[in-house]
Chemist: 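This is the structure I want to talk about, given as structure tokens.
As the structure is a computational prediction, the values presented were derived from the model and not from experiment.
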Amino acid sequence: MRLVNITGTFLDEISYDIPHQNWGKKEWDSDFRAMEAIGIDTVILIRCGLRRWMTFPSKVLQSHQGCHLPPLDLVDLFLSLAEKYHFQFYFGLYDSTQYWMQGEYRKEVDLNRALIDEVWEKYGQRKAFAGWYLSQEVSRRVGSVIDLYAEMGRHCKAVSSGLPVLISPYIEGIKAVDSGSAQLNQAAAITVAQHEQEWNEIMAGIRGAVDIVAFQDGHVDFHELAEYLAVNQVLAKKHGLRCWTNCETFDRDMPIKFLPIKWEKLLLKLEAARSVGIEKAITFEFSHFLSPNSCYLQARHLYNRYCEHFHVANPYE
């Protein structure tokens with residue numbers, strides 16, 4: 001069976017809990033070049049806005065959420081770089097961290113529907129615009145999550161003539177603790193059977209509105225991962241979805257949150273994905289945790305180990 005290497009990455013703008021690197025056009029161009037060198041062909045904007053912050057001058061977000069006007073249109077920059085390096089670009093929607101988390105899913109949906117219309121009118125004809133990412137992350141069938149995904153996904157596809165829609169949920173595993181907590185593990189984790197039951201229901205409800213599911217792989221222990229990935233693969237096939245893996249390149253086992261992952265751990269996760277036949281691996285995320293340009297020195301070393309293992313010519317050595 002073939003190796004599963006990383007061919008996609010999230011772009012962490014706007015950041016939720018990762019330190020900002022304060023990059024401009026020159027730094028981002030250099031990082032896209034480093035991505036290209038290891039075979040990345042897909043970039044996914046993690047979210048276009050969060051609370052009052054946004055990545056492009058959105059009139060919708062300014063008028064409805066009072067968002068701050070950014071000094072640089074990062075969506076335009078990322079699309080330009082994706083076109084330069086022949087990448088596919090997925091646009092991540094707005095996350096209020098408020099409405100949908102408080103059960104007011106209709107406000108989250110309506111706001112994003114207006115945003116989707118604005119984004120498609122502004123950027124929809126760009127060559128690299130290849131799909132959409134629903135940025136609300138869940139692990140279980142809670143509240144109106146099915147309606148949230150289904151309505152936003154259907155609207156994305158309706159305005160863009162069917163471009164694919166991606167979600168990246170997480171597994172309610174032993175490491176599924178709040179990033180602001182000092183804890184590394186929670187007392188109890190979801191069983192494989194519970195995970196299977198709930199995601200069977202969710203996938204049935206979002207079929208036709210969502211095309212790709214890429215579960216985050218860092219919330220369960222390494223020896224358990226392959227079993228969960230196998231369930232994800234079976235469920236996705238059953239409901240007509242494509243199954244990727246979101247191979248996290250940061251470490252959830254350290255008391256400092258978050259640092260680049262140990263190479264051995266990353267290799268174990270990629271091997272688990274390979275063992276169950278996962279189609280594609282994306283990561284959260286290259287620029288902080290795997291890039292030779294990262295503010296973390298460990299990330300450069302991880303890039304070196306990755307190039308050695310996958311026999312990639314390393315332009316930084």
Chemist: Out of curiosity, L74 CG to C48 SG, how far, rounded to the nearest 0.5 Å?
Modeler: 11.5 Å

Chemist: Between W120 (side chain only) and V159 (backbone N and O only), is there a donor and an acceptor less than 3.5 Å apart?
Modeler: yes

Chemist: How many angstroms lie between atom CE of M54 and atom CG of D73, to the nearest 0.5 angstrom?
Modeler: 10.0 Å

Chemist: Below 4.5 Å, heavy atoms only, C-beta onward: do Y16 and I46 meet side chain to side chain?
Modeler: no

Chemist: Under 30°, 30 to 60°, or over 60°: which ring-plane class applies to H195 and F215, parallel, tilted or perpendicular?
Modeler: perpendicular

Chemist: Any chain of hydrophobic side-chain contacts (each under 4.5 Å) joining Y303 to F310?
Modeler: yes

Chemist: About how many Å separate CG of N232 and SG of C243, when rounded to the nearest 0.5 Å?
Modeler: 5.5 Å

Chemist: Report the residue from V213, V109, I167 that forms a side-chain contact (heavy atoms from CB on, under 4.5 Å) with Y149.
Modeler: I167

Chemist: Check step by step if salt bridge (Lys or Arg N to Asp or Glu O under 4.0 Å) holds for R33 and E36.
Modeler: CA-CA 5 Å; R33 189 162 60 250; E36 180 191 42; over 6 Å; no

Chemist: Please say yes or no: joined through hydrophobic side-chain contacts below 4.5 Å, possibly via intermediate residues, are Y316 and L290 part of one cluster?
Modeler: yes

Chemist: Do side-chain atoms of D217 reach the backbone of E248 as a donor and acceptor pair under 3.5 angstrom?
Modeler: yes

Chemist: Donor-acceptor check, side chain of Y90 to backbone of F129, threshold 3.5 angstrom: yes or no?
Modeler: no

Chemist: Do F89 and Y123 make the cut of ring centroids closer than 6.0 angstrom?
Modeler: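 No.
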
Chemist: Looking at A128 and L79, what are the two nearest heavy atoms and their distance?
Modeler: CB-O, 4.0 Å

Chemist: Can E83 and R126 be said to form a salt bridge (Lys or Arg N to Asp or Glu O under 4.0 Å), step by step?
Modeler: CA-CA 8 Å; E83 287 156 3; R126 297 292 293 270; 3.1 Å; yes

Chemist: Within this structure, what is the OH-CE distance for the pair Y105 and M152, rounded to the nearest 0.5 Å?
Modeler: 11.0 Å

Chemist: Classify the ring geometry between F250 and F284 as parallel (under 30°), tilted (30 to 60°) or perpendicular (over 60°).
Modeler: perpendicular

Chemist: Between the side chain of E118 and the main-chain N/O of S58, is any donor-acceptor distance below 3.5 Å?
Modeler: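 Such a contact is absent between E118 side chain and S58 backbone.
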
Chemist: Taking all atoms of both residues into account, what is the closest heavy-atom pair of A209 and K157, and its distance?
Modeler: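 Residues A209 and K157, closest heavy atoms: O-CD, 3.5 Å.
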
Chemist: Does Q21 reach the main-chain N or O of S287 with its side chain, forming a donor-acceptor pair under 3.5 Å?
Modeler: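 A pair under 3.5 Å: yes.
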
Chemist: Please check if the distance between the ring centroids of F32 and F87 is under 6.0 Å.
Modeler: yes

Chemist: Answer yes or no: are there more than 12 heavy-atom neighbours, outside W53 itself, under 6.0 Å from its atom CH2?
Modeler: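 Result for CH2/W53: open.
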
Chemist: D251 and salt bridge (charged side-chain N to carboxylate O under 4.0 Å, His left out): which partner among K257, K265, K262?
Modeler: K265

Chemist: Are N293 and W23 side-chain neighbours, meaning at least one heavy-atom pair lies under 4.5 Å?
Modeler: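 N293 vs W23: side chains touch.
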
Chemist: Looking at side-chain heavy atoms only, is the closest gap between F56 and D76 below 4.5 Å?
Modeler: no

Chemist: In the structure I gave you, are the side-chain heavy atoms of E308 and N314 within less than 4.5 Å of one another anywhere?
Modeler: no

Chemist: With a cut-off of under 6.0 Å to the ring centre and 45° to the axis, is K175 in cation-pi contact with F222?
Modeler: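 Yes - K175 lies over the ring of F222, closer than 6.0 Å to its centre and within 45° of its axis.
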
Chemist: Taking the side chain as C-beta and beyond, is there a heavy-atom pair between L270 and N5 under 4.5 Å?
Modeler: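 With C-beta onward as the side chain, the pair stays apart.
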
Chemist: Return the minimal non-hydrogen interatomic distance between L69 and P57, and the atom names on each side.
Modeler: CD1-CB, 3.6 Å

Chemist: Is atom CD of E317 surrounded by more than 12 heavy atoms (other residues, nucleotides or ligands) closer than 6.0 Å?
Modeler: yes

Chemist: Any sub-3.5 Å donor-acceptor pair from D211's side-chain atoms to V165's backbone N or O?
Modeler: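 It does hold such a pair.
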
Chemist: When you measure from the side chain of S30 to the backbone N and O of E27, does any donor-acceptor pair fall under 3.5 Å?
Modeler: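 Between the backbone of E27 and the side chain of S30 there is no qualifying donor-acceptor contact (under 3.5 Å).
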
Chemist: Indicate yes or no for a side-chain donor-acceptor contact from W100 to the backbone of K107 under 3.5 Å, with no hydrogens or angles considered.
Modeler: no

Chemist: Quick one: does Q65's side chain have a donor or acceptor within less than 3.5 Å of a partner on S96's backbone?
Modeler: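 No; zero donor-acceptor contacts below 3.5 Å.
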
Chemist: So do the side chains of Y306 and T249 get within less than 4.5 Å of each other, counting heavy atoms only?
Modeler: no

Chemist: Let me confirm one number: the CD1-CD distance from I171 to E224, rounded to the nearest 0.5 Å.
Modeler: 9.5 Å

Chemist: Would you name the heavy atoms of L163 and A130 that are closest together and state the gap between them?
Modeler: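 Answer, listing the atom of L163 first, then A130: CD2-O, 3.8 Å.
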
Chemist: How close do N22 and H20 get, heavy atom to heavy atom, and via which atoms?
Modeler: N-ND1, 2.9 Å

Chemist: Is there a side-chain contact between Y85 and V43 in this structure, where contact means two heavy atoms from C-beta onward sitting under 4.5 Å apart?
Modeler: no

Chemist: Given side chains that start at C-beta, do those of L77 and K25 come closer than 4.5 Å, heavy atoms only?
Modeler: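 Side-chain contact under 4.5 Å: yes.
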
Chemist: Would a single hydrophobic cluster contain both I256 and L297, if residues Ile, Leu, Val, Met, Phe, Trp and Tyr are joined by side-chain heavy-atom contacts under 4.5 Å?
Modeler: no

Chemist: Grab the two heavy atoms, one from E13 and one from T55, that are nearest each other, plus how far apart they are.
Modeler: O-CG2, 3.6 Å

Chemist: Any side-chain to backbone donor/acceptor pair from R207 onto L241? Under 3.5 Å, distance only.
Modeler: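 No; judged by distance alone, with no hydrogens or angles, the pair does not exist.
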
Chemist: Determine, for E172 against R140, whether the closest basic-nitrogen to carboxylate-oxygen distance falls under 4.0 angstrom.
Modeler: no

Chemist: Indicate, with yes or no, if V142 and I206 share a hydrophobic cluster defined by side-chain heavy-atom contacts under 4.5 Å among Ile, Leu, Val, Met, Phe, Trp and Tyr.
Modeler: no

Chemist: Give a yes or no on whether E227 atom CD has more than 12 heavy-atom contacts from other residues, nucleotides or ligands under 6.0 Å away.
Modeler: no

Chemist: More than 12 foreign heavy atoms under 6.0 Å from CZ of R52: is that the case here?
Modeler: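 Result for CZ/R52: open.
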
Chemist: Mind checking whether L302 and L268 sit in one hydrophobic cluster, side chains of I, L, V, M, F, W, Y counted as touching below 4.5 Å?
Modeler: no

